[in-house]
Structures are given as C-alpha cells and as structure tokens.
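The model shown is predicted, which means the values in this text are computed figures rather than measured ones. All residue numbers refer to positions in the sequence shown, counting from 1.
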Amino acid sequence: MNFGDWTVLLCGLSLFLYGMHGMSAGLEAAAGQKLQRVLAKLTENRGKGVAVGTIITALVQSSSAVTVMVVGFVNSGMMTFRQSVGVIMGANIGTTVTAQMVAFDIGVAAPFIAFSGIILVLAVKNPRIGHMGEVLAGLGILFIGLEMMSGAMMPLRESELFLEVITKCSDPLTGILTGALFAALIQSSSASVGILQALAAGGAVPFGSAVYVLFGQNIGTCVTAMLASVGTNRNAKRAMAVHLLFNVIGTAVFAVLCAVTPLTGFVKAWTPGRPALQIANMHTLFNVATTVLLFPFGNLLADFAERVLPDT
C-alpha cells in the first residue's frame, strides 16, 4: 500500500466512524428518554431483559453505549445488578445488526441515502424528522466509508508482510489477541468488525483467520464498559464483569469449536463467495449461541461476579 492508499483508508475509517456516531446520536436524540425508561422498567426477568437489550442495541447500533448506560443505571440504583445480566446478554445480540447491514452491498445507494438524510435535516423543521434524517445521513456516510476502506485495502493482498501477519492470526490465540487489541483501540466492536469485513471483501483476509480475530473483537469491546465502571459502586463493576465474562466464555467455546469441528466451513458454506456476509453470520451465531448457552446460568454468572467483587 502506498501513501495514497493509506490516505483513502484513513478517510474511509473516519467516515465509517462518523456515520456510526451520527446514526447513534440521531436515534438517541429521537428516542433517548424513551429508551432509558424502557431499559429501566422492562427488566423484571432475564428473558425480558434480553429482549430489551437486543432491541435497544439494534436501534442505537452500539453495544458499548447500551452497556455503559446499564452500568450507569446500576450505579444510580435505577436497575438492580441481577436485572442488568439479561440486558447485557441482549446487547451482544443487538450489536450484530450492524455487521449484517454492512454485509449487504448497498454501496451504490449509499450517496443517495446520505443525501436524502441531509435534505431532511436541512429542509424539515420537525425535530423528530430531522433526527431521522441524521440517522439516514449517518447510514449513508457509514457505507461510503466502508466502500473507501475496502478499495484501499485491496493492495494488501499482495503485501508479504501483511500476509505473514494474517497467517499468524490463523493461530487461535494470536487471532483472538489481535482482535481484542484492535477493538479496544477503536472502542467499537461494530467498527472493528466492519473493518474486518472490508478486509475480507477485498480478499486480504481468509475466513479461517478472520473468525479468531472476530472472537477477540467481542472481548476488546468490553474495554469501554470497563472504563465506564471506574469510580462506580460495586454492583456497577459487577455488571461490567458479567459483560466481560460473557464474551470470554463465548470466545473460549467458539475457538475450541472452530479448531476441532468443521464449524468454520459450515458457516462459510451458507453464503459462498460472500466473505463479508460470512463474517456477519459468524458474528450473529457467536452472540446468539453464547446467549442461549449462558442464559440458564445467569444467576451463576452473577454469583461469580459477586465473589470476585465482594462488598468489602
């Protein structure tokens, strides 16, 4: 990759992150108070908590934002620690919506989506419609950025250094650590998964290597909640610990499954020739299956967090 390719890559990444932020900000502005009330009230049992966490995260497009919100609610006493467990599980499912959206090639329509959103923001005086315009503009800008990143990364297919690094990522531990560090630096699992999809779409990353990076990205996104829990009470820190534990257990289970079973080939066969969608499908499978696996053990997760972080 030459200097021009790196410039395009950085521009694409900037647009992708800005678009995601615009979508999230627009949705929060349009329904932020309602989302907070729903999140605080409709969590009487773990099943409802999972549903609420899934829906709200799908709307806000950020599991980190919802998890940080949950940590704040637990810290303020608006939600109990055990109520938060189901919401955190649901947030991990909801965040996969972004990856599925990215997997569908609507790059051709992206400029029109962004333009229509900007028209709504500038021409319509109704605040709610203006906020929805922000969502559309953010969505269009997100896909424009993704297209730029995908094009800029294509020369990486011929880079010996990059291919050597990716080859090492086929080792489960190295791939997981790489993905965790990447997501922790970007502070967004959705953005880091989107970049991984762009690499795969450009042919730079084989699916067999991408899956371990993907699993690590789910761990790396917990850093945001960890930072949010600094200075909070014990229960808020326990909510953060459950979020981390959920993703660590899921990563361990799926890394073993991919290493000893044909799971990777099975998921790849669902959508042959579409690497971005393959990554999105594995991301969805990871979070849904981990939620189903750990849902019956929600109280055990809470008990473990209470032992690790006792009251005194």
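From N218, atom CG reaches atom NE2 of H283 across 5.5 Å, with rounding to the nearest 0.5 Å. Note: N247 CG to I88 CD1 = 10.0 Å, rounded to the nearest 0.5 Å. The CG atom of N281 sits 9.0 Å away from atom CZ of R274, with the distance rounded to the nearest 0.5 Å. The OG1 atom of T96 sits 13.5 Å away from atom CE of M282, with the distance rounded to the nearest 0.5 Å. Rounding to the nearest 0.5 angstrom, the gap separating the OG1 atom in T178 from the OH atom in Y212 is 13.5 Å. One finds the CG atom of L245 at 11.5 Å from the NE2 atom of H243 (value rounded to the nearest 0.5 Å).
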query: Given V193 and L214, is the side-chain contact (heavy atoms from CB on, under 4.5 Å) satisfied, shown in steps?
result: CA-CA 7 Å; V193 172; L214 175 68; 3.7 Å; yes
Check against side-chain contact (heavy atoms from CB on, under 4.5 Å), F207 and V267: CA-CA 10 Å; F207 184 60; V267 174; 4.0 Å; yes
- prompt: Can you check side-chain contact (heavy atoms from CB on, under 4.5 Å) on M89 and T290, steps first, answer last?
  reply: CA-CA 9 Å; M89 289 181 175; T290 303; over 6 Å; no
- request: Could you check V242 against F81 for side-chain contact (heavy atoms from CB on, under 4.5 Å), going step by step and ending with a plain yes or no?
  value: CA-CA 10 Å; V242 168; F81 161 56; 3.8 Å; yes
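Of all heavy-atom pairs spanning V205 and S209, the tightest one is CG1-CB, 4.4 Å. Closest of all the heavy-atom pairs between F254 and L285 is CZ-O, 3.7 Å. Looking at every heavy atom in both residues, T271 comes nearest to Q278 through O-NE2, 2.9 Å. Pairing each heavy atom of I93 with each of V50, the nearest pair is CD1-CG1, 4.4 Å. Nearest approach of L244 to C222, heavy atoms of both residues: CA-SG, 3.7 Å. Between C258 and L263, the closest heavy-atom pair is SG-CD2, 4.0 Å.
Judged by distance alone, the side chain of T251 and the main-chain N or O of G216 form no donor-acceptor pair under 3.5 Å. With S116 contributing its side chain and I113 its backbone, the two residues share a donor-acceptor pair below 3.5 Å. Distance alone, capped at 3.5 Å, is enough to place a donor-acceptor pair between the R46 side chain and the F295 backbone.
Under the 4.5 Å side-chain heavy-atom criterion for Ile, Leu, Val, Met, Phe, Trp and Tyr, I144 and V121 are members of distinct hydrophobic clusters. Following chains of ILVMFWY side-chain contacts shorter than 4.5 Å, one cannot reach M240 starting from I249, and the two form parts of different hydrophobic clusters. At a threshold of 4.5 Å between side-chain heavy atoms, the hydrophobic network of Ile, Leu, Val, Met, Phe, Trp and Tyr places L293 and L257 in one connected group. Under a hydrophobic-cluster definition in which Ile, Leu, Val, Met, Phe, Trp and Tyr are linked whenever side-chain heavy atoms come within less than 4.5 Å, directly or via other members, M226 and L301 are assigned to different clusters. Criterion: ILVMFWY side-chain heavy atoms under 4.5 Å apart, direct or through other members. Under it, V253 and F266 are part of a common hydrophobic cluster.
Annotation: side chain of F286 is not in contact with side chain of N92 (no heavy-atom distance under 4.5 Å). Under the 4.5 Å side-chain criterion, counting only non-hydrogen atoms from C-beta, Q217 is not in contact with T221.
No more than 12 heavy-atom neighbours from other residues, nucleotides or ligands sit within 6.0 angstrom of NZ on K268.
Between D303 and R82 there is a salt bridge, since at least one side-chain N of the basic residue sits less than 4.0 Å from a carboxylate O of the acidic one.
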